[in-house]
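To start, the structure itself, in structure tokens.
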Amino acid sequence: MGSRDQILARIKSNKPELIDLPQIDTSVFKDEDLDLIKEFIKKVEVVGGNVVEATSNADVIQQIKANFPDTKNNFSQLKDADGFNTLNLETIQNPHELKDLDVLVLESKIGVAENGSVWLADDDIPVRVLPFITKHLAVVITKQAIVAYMHEAYKKLSETKADYGVFLAGPSKTADIEQSLVIGAHGALSLTIFLK
Amino acid sequence: MSHSQLASIFNKDEKKVDWHDKALWFVRHKRDLSVHNVKGWEELRNLGHGIKAHMLSNLDNYLIEFEANALKNGVQVHWAANAEEHNKIVHSIIKENKAKKVVKSKSMLTEECHLNPHLEADGIEVIDTDLGERIVQLAKEPPSHIVLPAIHKNKHEVDELFQEHLGTKPCDGDPQYLTGEARKHLRQKFIEADVAITGVNFAIADTGGFVVCTNEGNADMGAHLAPVHIACMGVEKIIPKQEHLGVFLRLLARSATGQPITTYSSHFKKPRKGEKMHIVIVDNGRSEQLSRPDFRASLHCIRCGACMNTCPIYRRSGGHSYDATIPGPIGSILSPGKDLTKHSTLPFASTLCGSCSDVCPVKIDIHAQLYKWRQIITKETPQPFVKKQSMKAMGKIFAKPSQFEKVGKVARWSLRNLPKSLINSKLNTWGQARDLPSGPKQSFDQWYEERQNNKKD
């Protein structure tokens, strides 16, 4: 008998009698007075990001150019971002070539108010390493895309099938040296959320 | 060495113990602030407990479902009965791909299996990429906490380590500078790596996918750059459905550090085009723990570390005093199941105050299990002579109320009247490193009786 069958047989004989799977009743978590947008903005700030309002994609690009005037390597997934992109992903053979990326702009279809995270999946990220390898990350999201809790986010996700996806909350961080919070461990050094 | 012997080594540096104690209590406090903001937190914990209990009661079927879905996703699935087989499987995947350089993100399982020395013996470079883990790897030490691996080191020790190994400048322990230098050093390792190894926080039976949580982004940097990704998981990491992540991701980070969610909660399902993804499913004693009705709930653990942060013993004895991959209260109920003799002192490293059970996000009855292990250990392993005799004597005293009252009277009088040199002498372990309170004039019984009499009047 191989290890697979051995492990499964042992588990089968050692497990307790079947215990029912509890149903998730999300009504117990609901706070009727919750202001979704206010809560989302607050939580993005808690996790180390910042939120700014934007009227259009062109407005986003303009604000980014004002914030990062001298960056060399920029890439945006936005439509109407003419003149912003300095690299063409189609010519990239290997994700390692993205290592000098300065600013990346992506779009998210789900934001979660309770924790300030945004969902980014394969559809939104042409190369998986992009939101991690970039120095600065900006994510554009509409106010309609914000949900209150993770349960609602997963309900939305059940309608999609992503081969890879990430809930991303704030810039990368660590407190591994004497519990001092340092922003910018391996991933992005800053995160800006543009609320449309 | 016993837990108390190892703890006394940690306790030599009193200042450090004080810092360690306060730093972890601060993390516990952040957890409190965070969970008090969540409406229905207790219900969330009940759900976490219930989903895990259900999962264990149907684990074989969920593992089969998970495997079938993972295979459909183009992921290769391997099974390891023990640590040795796990290491062999990982080694052979690395060999197959003619790989020499491995980056690893945090995985307590690979620590448990001692994977690094196994690979290093064959000349493979293994770099731990979580900053805390890299620090302890450079110091040639095991992690002392499952979420904060280098919590036992101060910034000056990190400064010195980095000067020696990474060639950094002396910086008086500036965390910003040191983290920046580590980022540069590890960026290079990510770029060069042939294989990325990650742990698994949750494996979803009905999708075949798995979730890895980090704050630093190291799991993703490794997995999205290296051509081969190996994810190692214990059998108990399974959850039935993706929607259950809604429960566990709400519980995990809040319990661990007080954050509402980790920076990255990455959902892996299929490998990148043209690249490879492997999952190694490991038993290594877990199916045996499943057979013990009193202790199987220890397999609910989602590795948040909350029980360590709150534990008055852990905070003052340090993670290394447990001499086990998983330290603290949860480690003390997991480890005896693996090696009762080696870990026989761990269930005694507790005041049984129950704080661990109170903060556990999946409601493991940790302190009750610690007590149950004590019953087994005192029966099955030899106990020190002095302890046995004093327990017998205590048993006799407690058995007779009149005797108990007499001894109590003597003790109260002694605490009031004996000189400090005697009370704090070596013979009295309770008097070491602490001043004992002055003995009250009355016993509780006397006080209660008096109170009742006064009421009557």
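In what follows, chains are A, B, ... by sequence order, proteins preceding strands, each numbered from 1.
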If you look at every heavy atom in [X] and [Y], which pair is closest and at what distance?
| X | Y | answer |
| --- | --- | --- |
| B:Leu47 | A:Phe29 | CD1-CZ, 3.9 Å |
| B:Ser291 | A:Asn14 | CB-CG, 3.4 Å |
| B:Tyr264 | A:Pro171 | OH-C, 4.3 Å |
| B:Ala81 | A:Gln6 | CB-OE1, 4.2 Å |
| A:Pro95 | B:Arg272 | CG-NH2, 4.1 Å |

Can you tell if the side chain of [X] reaches within under 4.5 Å of the side chain of [Y], non-hydrogen atoms only?
| X | Y | value |
| --- | --- | --- |
| A:Pro16 | B:Leu290 | yes |
| A:Lys15 | B:Leu59 | no |
| A:His151 | B:Val247 | yes |
| A:Gln179 | B:Thr257 | no |

Quick one: what part of [X] sits under 4.5 Å from any heavy atom of chain A, side chain, backbone, both or neither?
| X | answer |
| --- | --- |
| B:Leu249 | side chain |
| B:Pro293 | neither |
| B:Asn82 | neither |
| B:Ile261 | both |
| B:Arg134 | neither |
| B:Ala253 | neither |
| B:Val235 | side chain |
| B:Arg296 | side chain |
| B:Thr262 | backbone |
| B:Glu85 | side chain |
| B:Val38 | neither |
| B:Ile135 | side chain |

When rounded to the nearest 0.5 angstrom, what distance separates [atom1] in [X] from [atom2] in [Y]?
| X | Y | atom1 | atom2 | result |
| --- | --- | --- | --- | --- |
| B:Met55 | A:Leu21 | CE | CG | 11.0 Å |
| B:Leu178 | A:Glu178 | CG | CD | 10.5 Å |
| A:Lys99 | B:Gln188 | NZ | CD | 8.0 Å |
| A:Ile24 | B:Ile51 | CD1 | CD1 | 4.5 Å |
| B:Lys39 | A:Leu34 | NZ | CG | 10.5 Å |
| A:Asp176 | B:Lys155 | CG | NZ | 15.5 Å |

Flag if over 12 foreign heavy atoms under 6.0 Å of [atom1], [X]:
| X | atom1 | answer |
| --- | --- | --- |
| B:Lys241 | NZ | no |
| A:Lys156 | NZ | yes |
| A:Asp20 | CG | no |

If you count heavy-atom pairs under 4.5 Å between each of [options] and chain A, which one has the most?
| options | result |
| --- | --- |
| B:Leu63, B:Leu245, B:Leu56 | B:Leu245 |
| B:Ser57, B:Ser287, B:Gly246 | B:Ser57 |
| B:Leu131, B:Leu225, B:Ile281 | B:Leu225 |
| B:His78, B:Lys273, B:Arg292, B:Glu67 | B:Glu67 |
| B:Lys153, B:His244, B:Arg187, B:Glu288 | B:Arg187 |
| B:Lys269, B:Glu216, B:Gln289 | B:Glu216 |

Item to check | A:Tyr164: which of B:His224, B:His267, B:His229 passes ring pair (Phe, Tyr, Trp, His ring centres under 6.0 Å) | outcome: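 Going through the options one by one, the only one that passes is B:His224.
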
Can you tell me which of [options] forms the most heavy-atom pairs within a distance under 4.5 Å of chain B?
| options | value |
| --- | --- |
| A:Asp25, A:Leu8, A:Ile19 | A:Ile19 |
| A:Ser180, A:Ala188, A:Gly165 | A:Gly165 |
| A:Ser158, A:Ser13, A:Ala162, A:Gly170 | A:Ala162 |

Engaged part of [X] at the chain B interface, taking heavy atoms whose separation is under 4.5 Å:
| X | result |
| --- | --- |
| A:Gln23 | backbone |
| A:Ile183 | backbone |
| A:Lys155 | neither |

Checklist entry - Is the backbone of B:Phe190 close enough, under 3.5 Å, to the side chain of A:His186 for a donor and an acceptor to pair up by distance? => result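 Pair absent, no side-chain N/O of A:His186 close to backbone of B:Phe190.
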
Item to check | Residues in residues 38-65 of chain A near chain B [non-hydrogen atoms, under 4.5 Å] | outcome: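 If one takes a 4.5 Å heavy-atom cut-off, the residues of residues 38-65 of chain A near chain B are A:Lys43, A:Val46, A:Val47.
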
Checklist entry - Quick one: which residues of residues 112-134 of chain A reach chain B at under 4.5 angstrom, heavy atoms only? => result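 Interface residues of residues 112-134 of chain A: A:Glu114, A:Asn115, A:Ser117, A:Trp119, A:Arg128, A:Val129, A:Phe132, A:Ile133.
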
